[in-house]
Amino acid sequence: MKNRRADVQSWEGKSLRVHVLYSRAGIAQHIWIENENGAVLIDAGDGLIRDLISDDLDPKRIRGVIFTHGHFDHVGGLYSFLGFMRMIGRTEPLPIVTPEGCTEVVSLVDNFKSCYPDTIPFEISLIEIRPHQVIQIADMTIKAYPVVHCGSIEGFGILDRIPAMGYRISHEGETIAVSGDTGFCPSLKELAKGADLAIIEAGYEKSRGVSGETLEKVHLSEDLAKEIGKLAKDFILVHRGEGQ
Ligand SMILES: [Zn+2]
């Protein structure tokens, strides 16, 4: 049987470690980044709890969840994650960071809170982050970079631009850049430049056969992702499509 989690990738720096729990375009994405104080998750796709448990990662180490944007393959596991934290009796506050105006994440959190108004043992602090805003979680400095990302669905073509962010995450002089889903936009170079690791989406295998508009507004191809990745000291490609 085909190994369906063949895309699992890890990276270890001096003070930061990365574990790509799962990343497939149109299915799910969640990436674990940790230091000695704890971990943050980048996105929470469907299957998050299963993948954390399978990879022997302790969900109690998670100090915050940071969303790149609101598409289903990035937020589909949020409700389960909140339910799991409630079940195991988390008491530490949980920051949830999402691009300002990301209705999917805001409504999922509101919905969870309204289902269990009296029995959530931890405080959920929802942070709607703005472009270039800097926050701290687990002694990691997290800076948001706006990227250009539009949905694209059968029968509707390319939709309007949605709130979407890439992030630079730094700790003790080490920096990891995460593109999130994005078209080829100018802020990507600023995001990746000089980082110790860039985690870049590569939704399409090749640029050939994909329209210029799609590559600018929806997803990168592998060749464009590598062009951005090479601005960092090291890079890994994620969020590939089926068949890649
Ligand atoms: Zn997306």
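First listed ligand is number 1; within each ligand, the first listed atom is number 1.
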Under 6.0 Å between ring centres, would you say that holds for Y167 and Y145? no
Quick test of your reading of the model: are K60 and E92 salt-bridged, counting only N-O distances below 4.0 Å? no
Using the side chain to side chain donor-acceptor pair (under 3.5 Å) definition, which of the options E201, H74, R24 pairs with H239? H74
No-hydrogen, no-angle side-chain donor-acceptor test under 3.5 Å, H149 and H71: yes
If you leave out waters, which protein N, O or S atoms are less than 2.8 Å from the Zn ion (ligand 1)? H69 NE2, H71 ND1, H149 NE2, D181 OD2
Pairing residues for K233 by the salt bridge (charged side-chain N to carboxylate O under 4.0 Å, His left out) criterion, not counting sequence neighbours: D196
salt_bridge(E174, K14) N-O dist < 4.0 Å: no
